[in-house]
Novice: 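What follows is a single structure, and I will ask about it in a moment.
No hydrogens, no waters, no symmetry mates; every other heavy atom, side chains included, goes into these values. Because the structure is predicted, anything quoted here is derived from the model rather than measured.
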Amino acid sequence: MSERFRRTLAYICSTILLIVVIRKFYCNTLKDNCLVYNTPMVISTWEFTNAATKSWSVLNMTGTAIDAVVAGCTVCEQEQCGGTVGYGGSPDENGETSLDALIIDGSTMNMGAVGHMKRIKSAAKVARLVMENTKHTFLVGDEATQFAIQMGFKETNLSTVGSLNLWKQWKSNNCQPNFWTNVNPDPKKYCGPYKPNLLKNLKPKPNIVDTKNHDTIGIIAIDHEGNIAAGTSTNGAKFKIPGRVGDSPIPGSGAYAMNTYGAAAATGDGDILMRFLPSFHAVQAMKYGIYPTEAAQLAIDTITNYYPDFSGAVIAVNKFLKYGDDTTSVGNTSKKSKTQPNSKYNLNYLKFGFVIKPETENSENPIPLCVICKETLSNQSMKPSLLKRHQQTKHPETENKPIEFFQRKTEFFKKESNCMTHFTNTDSKYLKASYLASFRIVKDGKPHTVGETLILPTAKDMVQTVLGEKAAKELDKIPLSNNSVKRRIDTMASNIEEILVTQLKMCSNFSLQVDESTDIKNMAQLLVFIRYDFENVLNEEYLFCKSLESNTNAENIFKIIDNYLSTIGLPWKKCVGICTDGAQAMCEKLTGLVSRVQKVAPYCKSTYCAIHREALASKNMPDQLSSVLKCAVKVINFIKARALNSRLFKLLCEEMGEQFNTLLFHTEVRWLSRGKILNRLFELRSEVHLFLIEKDDDMKNLFNNEEWLSRLAYLADIFDKLNTLNMGLQGINITIFTTYDKINSFKRKLDLYKSQLKKKDISAFTNLSSFIDENELCLKEDLNADILEHLEALKTNFSKYFSEDYSNKNWIRNPFLYESSDNEVPDDVEDKESFIDMVSDSSMKDAFKDKTLVSFWMSTKKEYPSLFKQALQCLTPFVTTYLCESGFSELLYLKNKYRNRLDIQNDLRVKISSIQPDIDVLVQNKQQQISH
């Protein structure tokens with residue numbers, strides 16, 4: 001073996017392992033150079049000897065160069081070389097593995113490539129079929145997968161336990177490292193979702209590349225006929241952004257080959273490499289007779305001129321089997337190009353107007369900065385000729401200036417930089433304080449003016465008392481004027497909406513909760529909430545509140561919702577549910593909002609608010625009971641509606657030592673329970689009786705009538721039970737199963753009450769039982785009959801208004817209670833197979849015990865996607881309009897008679913959204929202005 005070959009190989013092993021497999025016959029018979037024309041040859045990147053050996057064995061059996069490249073890449077795909085080639089490696093941000101590959105035939109210039117291909121293990125073979133069986137060059141994504149399946153490849157999961165564990169560790173480490181830059185929140189500290197940081201425009205720092213984190217294996221082969229082929233295969237960079245395709249499958253970037261000149265392959269930071277097509281340029285350089293080492297060096301130098309910290313390498317071989325490479329910073333060796341050492345700054349460069357960029361003063365790679373135009377050049381440009389050319393081209397008027405001129409410019413530049421740094425660091429804390437105060441103001445629903453009129457003066461008083469006058473004056477720098485607070489709230493609302501939209505775009509399904517009401521100015525307001533899946537959780541969020549300028553009909557409501565969803569890019573096809581209050585505009589059969597939504601959202605199921613239905617089901621009762629209820633309401637309103645009566649009644653209760661001294665005001669709003677009102681009236685019946693006697697009201701005799709009081713006691717009891725049911729239907733994260741269980745439970749209790757009542761047992765009704773026992777009364781037959789009639793009416797009405805049967809969805813509620821033969825399990829045969837796999841997995845059963853129903857099904861997304869989809873479509877829809885009703889309460893609190901001109905949308909979003917604004921990022925993106 002020649003000394004030159006030994007020296008070259010020794011150098012390459014320190015940066016990138018270059019494997020050249022030659023038949024020993026040639027090396028033993030030729031002294032000067034064991035590589036001669038028409039000698040088969042294989043050269044590859046990285047220490048993947050099995051791949052190169054396989055390629056050589058194919059050539060040794062008179063295989064073609066294409067056969068050799070594909071065989072070598074396939075070995076690496078099967079052996080998962082370094083975890084960076086083939087299945088089970090380099091998971092993306094979603095934990096999925098995808099493959100890229102490229103095959104180039106240098107004899108015909110035919111090429112085939114696949115990118116971001118999922119669920120197929122043999123990427124190189126598929127790339128070859130793209131080249132040989134289509135007129136295309138490049139197929140990507142799921143379509144590449146479908147092409148492979150059509151060509152006979154088996155679809156399989158590319159993730160492994162190892163890759164999923166690696167991904168979970170990455171997630172638990174706050175998604176570090178990642179490939180995001182110039183986004184909010186800070187990608188160096190937090191996981192996404194991210195949004196653009198529009199006020200920054202920083203050049204991303206190239207990624208460090210080594211044997212554990214690089215883009216590709218590249219193979220070049222020359223066969224007995226002198227034909228050249230090149231190819232690559234990779235699973236990309238670890239934790240890449242989903243959808244990313246690197247340089248490997250890009251012709252001219254990952255590899256390139258031409259029989260007439262030679263071939264080249266690149267490896268390293270693929271996102272940088274693909275911007276320069278280094279393999280193509282290396283081959284083009286060899287076209288003009290440049291030796292492969294210099295050709296590779298030229299390709300690398302072009303990149304490092306723009307990205308001095310770039311990590312990567314290029315290997316090249318020409319048609320005469322001369323080979324070479326150039327590399328920079330591969331494997332964390334800090335080794336630069338052989339002919340391009342780091343340039344050092346010389347004080348004489350100041351006469352050209354250049355100093356060292358402050359951030360790089362202590363770096364091994366100092367960057368020159370022009371003090372005239374503030375432009376920076378690369379380290380390799382730190383040469384007198386290049387610096388002078390910049391001066392002559394950009395600032396010819398400074399060419400003959402004395403050195404003192406540039407010294408003054410340098411001093412001014414340093415002062416300007418220090419001043420800006422001090423200003424930013426100092427003033428940002430006042431701006432952050434302004435945001436925090438504004439956030440508290442809107443969360444508490446207070447007017448924007450309280451910041452300037454109450455919070456700031458109060459804070460100054462406290463700080464002055466504790467810390468002194470000087471510290472108190474610092475608070476004057478916090479912008480808290482009415483306009484400043486409004487701007488902060490608007491900015492935070494925009495930030496919250498951006499975060500929400502980002503999450504919505506990543507969801508599988510969503511459902512809507514829609515209602516309309518009027519504000520203090522009688523303006524119709526449309527309020528919409530959304531439930532969606534994000535990061536294995538079902539979230540419920542405020543979507544928007546918009547005024548209905550004209551009619552509150554279905555057409556206008558649908559138009560507003562449709563326009564908003566179109567604006568944020570959320571397709572209707574993901575909508576699986578819509579819940580309304582049952583109003584005509586919402587539920588009219590042909591032209592209502594629900595029917596309009598279902599025309600554009602084929603999977604959407606409509607739901608009539610369960611709380612509204614519960615109120616309707618409990619509305620009717622026998623005449624005698626209805627009469628008692630009306631009289632009770634009349635008494636309450638007589639006392640509460642008149643201020644003098646209310647005060648006198650309070651004094652009476654206090655004199656008699658009662659626990660309560662007021663009656664609850666009656667209203668027909670369904671969210672306020674009659675149970676509490678009637679209970680309070682029954683408890684204070686003696687005081688009410690005395691008060692009515694004093695007022696000489698005709699209703700005083702009712703509270704001396706034992707039969708009337710017995711009916712009042714029963715009403716207090718039954719409505720208390722209805723109140724408990726009502727409260728159980730309110731709240732967040734209520735699913736159809738929650739509602740189904742609670743309604744069924746109540747109907748079964750009604751049957752229990754009826755059976756007990758037939759035995760003259762009234763122990764289930766506490767007030768009635770106590771009243772009869774205390775007064776030594778007997779339950780009269782007519783009262784017993786009225787109660788039985790009422791209980792039967794309740795049972796009938798609840799069966800009518802809650803007629804849904806979800807028994808066929810019980811496999812979603814608890815899959816481990818069913819067998820695959822049961823009718824309740826999914827009908828599709830493939831789904832039954834998946835169902836069997838899932839319920840037979842003991843680890844899944846343990847997970848079901850440890851997790852909530854929603855989180856369990858969220859965890860099945862990747863392993864059982866079809867079952868996950870069906871479960872999610874069942875769990876996502878809202879079943880009440882509770883959030884809308886709560887939202888209207890907040891709206892009326894914010895937009896009251898004192899603030900009736902308030903534009904409510906942004907205040908309402910910040911107040912009721914569970915998403916926290918990223919105030920640190922908002923401070924960074926906002927230039928502070930002192931309040932006035």
Side-chain angles (χ1 to χ4, degrees), residues 500 503-516 526-534 537-544 554 557-558 560-562 564-565 568 570-583 585-589 592-614 729-743 801-813 852-855 857-858 861 866-887:
L500 173 63
Q503 294 179 358
L504 289 175
K505 289 182 177 179
M506 299 171 66
C507 75
S508 303
N509 294 315
F510 70 88
S511 67
L512 300 176
Q513 185 182 130
V514 184
D515 203 357
E516 62 89 15
L526 178 66
L527 195 56
V528 181
F529 281 78
I530 190 166
R531 180 186 281 175
Y532 61 97
D533 61 291
F534 179 71
V537 177
L538 272 182
N539 297 315
E540 295 177 353
E541 267 300 329
Y542 164 88
L543 189 60
F544 68 81
I557 294 174
F558 176 76
I560 289 174
I561 298 174
D562 183 52
Y564 185 84
L565 295 184
I568 66 174
L570 187 61
W572 276 111
K573 65 181 181 180
K574 289 187 177 183
C575 181
V576 295
I578 181 168
C579 184
T580 67
D581 62 356
M586 301 291 182
C587 298
E588 192 174 2
K589 187 172 182 180
L593 173 66
V594 171
S595 62
R596 293 173 185 269
V597 169
Q598 288 177 334
K599 289 178 182 177
V600 294
Y603 302 108
C604 179
K605 299 290 188 295
S606 66
T607 310
Y608 179 15
C609 174
I611 301 177
H612 288 69
R613 287 185 282 167
E614 184 267 347
L729 297 175
Q730 296 181 33
I732 61 175
N733 297 321
I734 303 296
T735 67
I736 60 171
F737 297 122
T738 310
T739 306
Y740 185 73
D741 288 345
K742 291 185 180 298
I743 296 299
Y801 284 103
F802 295 93
S803 58
E804 303 94 335
D805 181 12
Y806 296 113
S807 59
N808 64 332
K809 300 295 184 182
N810 281 338
W811 66 270
I812 296 175
R813 179 203 297 266
T852 64
L853 182 64
V854 171
S855 61
W857 281 111
M858 287 294 179
K861 181 176 182 179
S866 180
L867 298 179
F868 161 80
K869 181 179 179 182
Q870 294 178 61
L872 197 63
Q873 287 178 348
C874 187
L875 295 170
T876 302
F878 286 106
V879 288
T880 73
T881 56
Y882 168 79
L883 292 176
C884 285
E885 297 290 350
S886 301

Novice: Tell me every residue that passes salt bridge (charged side-chain N to carboxylate O under 4.0 Å, His left out) with D562, counting only those two or more places apart in sequence or in another chain.
Specialist: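 Partners of D562 by the salt bridge (charged side-chain N to carboxylate O under 4.0 Å, His left out) criterion come out as none, since no residue qualifies.
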Novice: Could I get the full list of salt bridge (charged side-chain N to carboxylate O under 4.0 Å, His left out) partners for E516, not counting sequence neighbours?
Specialist: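 Result, salt bridge (charged side-chain N to carboxylate O under 4.0 Å, His left out) vs E516: none returned.
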Novice: Can you measure from SG (C507) to CG (N539) and round to the nearest 0.5 angstrom?
Specialist: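 If we round to the nearest 0.5 Å, C507:SG and N539:CG are 10.0 Å apart.
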Novice: Are L504 and K574 side-chain neighbours, meaning at least one heavy-atom pair lies under 4.5 Å?
Specialist: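 No, side chains not in contact.
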Novice: Does the cation-pi check pass for K869 over Y603, that is, NZ or CZ under 6.0 Å from the six-membered ring centre and within 45° of its axis?
Specialist: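 Cation-pi check for K869 and Y603: passes.
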Novice: Measuring only between side-chain heavy atoms, which start at C-beta, is I743 closer than 4.5 Å to Y801?
Specialist: no
Novice: Say whether, by atom type as modelled, one donor and one acceptor occur between the side chain of Q513 and the main chain of C884 under 3.5 angstrom.
Specialist: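 Checked: pair present.
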Novice: Return the set of residues passing side-chain contact (heavy atoms from CB on, under 4.5 Å) with A585 (not counting sequence neighbours), or none when no residue passes.
Specialist: none
Novice: Rounded to the nearest 0.5 Å, how far apart are CZ of F534 and CE of M858?
Specialist: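 Nearest 0.5 Å value for the CZ-CE distance: 11.5 Å.
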Novice: Whether the S508 and D533 side chains hold a donor-acceptor pair (N or O, under 3.5 Å, no angle test) is what I'd like checked.
Specialist: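 On atom types as modelled, these side chains qualify, holding a pair under 3.5 Å.
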Novice: If we only count heavy atoms from C-beta on, is the L565 to F510 side-chain gap below 4.5 Å?
Specialist: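 With C-beta onward as the side chain, the pair touches.
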Novice: Rounded to the nearest 0.5 Å, how far does CD of Q598 lie from NZ of K605?
Specialist: 8.0 Å
Novice: Can you tell me how far apart CG (L500) and CD1 (I530) are? Round to the nearest 0.5 Å.
Specialist: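 It comes to 7.0 Å.
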Novice: What's the spacing between E885 CD and F529 CZ if we round to 0.5 Å?
Specialist: 10.5 Å
Novice: Considering all heavy atoms of both residues, which atom of G582 and which atom of C587 are nearest to each other, and what is their separation?
Specialist: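 Answer, listing the atom of G582 first, then C587: CA-SG, 3.6 Å.
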Novice: Between L883 and I732, does a side-chain contact (heavy atoms from CB on, under 4.5 Å) hold up when you go through it step by step?
Specialist: CA-CA 8 Å; L883 292 176; I732 61 175; 3.8 Å; yes
Novice: Using the six-membered ring wherever Trp is involved, compare the ring planes of W811 and W857 and label them parallel, tilted or perpendicular (cut-offs 30° and 60°).
Specialist: perpendicular
Novice: Where do C609 and T880 come nearest, in terms of heavy atoms and distance?
Specialist: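 C609 and T880 have their closest heavy atoms at SG-CA, 3.7 Å.
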Novice: Is there a side-chain contact (heavy atoms from CB on, under 4.5 Å) between L526 and I561? Walk through the geometry before answering.
Specialist: CA-CA 9 Å; L526 178 66; I561 298 174; 4.1 Å; yes
Novice: Is the shortest side-chain heavy-atom distance between F558 and V597 below 4.5 Å?
Specialist: yes
Novice: Is L875 close to F737 at the side-chain level, that is, under 4.5 Å between some pair of heavy atoms?
Specialist: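 F737 vs L875: side chains touch.
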Novice: Can you give me the closest heavy-atom contact between D515 and M586, atom names plus distance?
Specialist: CA-CE, 4.2 Å
Novice: Any idea which heavy atoms bring I578 and C604 closest together, and the distance?
Specialist: CG2-SG, 3.6 Å
Novice: Could you walk me through whether K589 and V594 pass the side-chain contact (heavy atoms from CB on, under 4.5 Å) check?
Specialist: CA-CA 8 Å; K589 187 172 182 180; V594 171; over 6 Å; no
Novice: Can you tell me if T876 uses its side chain to pair, donor with acceptor, with the backbone of S511 under 3.5 Å?
Specialist: no
Novice: Would you call Y532 and Q503 a side-chain contact if the rule is heavy atoms closer than 4.5 Å?
Specialist: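 Heavy-atom side-chain distance check passes, below 4.5 Å.
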Novice: Tell me whether the rings of F544 and Y564 are parallel (<30°), tilted (30 to 60°) or perpendicular (>60°).
Specialist: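 F544 and Y564: tilted rings.
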Novice: With a 4.5 Å limit on heavy-atom distance, are the side chains of L512 and L543 in contact?
Specialist: yes
Novice: Could you report the tightest heavy-atom contact between L729 and A610, atom names first, then the distance?
Specialist: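 Minimum heavy-atom contact is CD1-O, 4.1 Å.
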Novice: Distance check, rounded to the nearest 0.5 Å: Q730 atom CD versus Y882 atom OH?
Specialist: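 Interatomic distance, Q730 CD to Y882 OH, rounded to 0.5 Å: 6.0 Å.
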Novice: Has the side chain of R813 got a donor or acceptor atom that lies under 3.5 Å from a matching backbone atom of L853?
Specialist: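 No; zero donor-acceptor contacts below 3.5 Å.
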Novice: Take Q873 and K809, measure what side-chain contact (heavy atoms from CB on, under 4.5 Å) needs, and give me the verdict at the end.
Specialist: CA-CA 11 Å; Q873 287 178 348; K809 300 295 184 182; over 6 Å; no
Novice: Would E804 and R613 satisfy salt bridge (charged side-chain N to carboxylate O under 4.0 Å, His left out), going step by step from the backbone distance to the final call?
Specialist: CA-CA 12 Å; E804 303 94 335; R613 287 185 282 167; 2.6 Å; yes
Novice: Kindly give the heavy-atom pair with the smallest separation between I568 and K505, and that separation in Å.
Specialist: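 For I568 and K505, the tightest heavy-atom pair comes out as O-CE, 2.9 Å.
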Novice: Does any non-hydrogen side-chain atom of T739 lie less than 4.5 Å from one of I734?
Specialist: yes
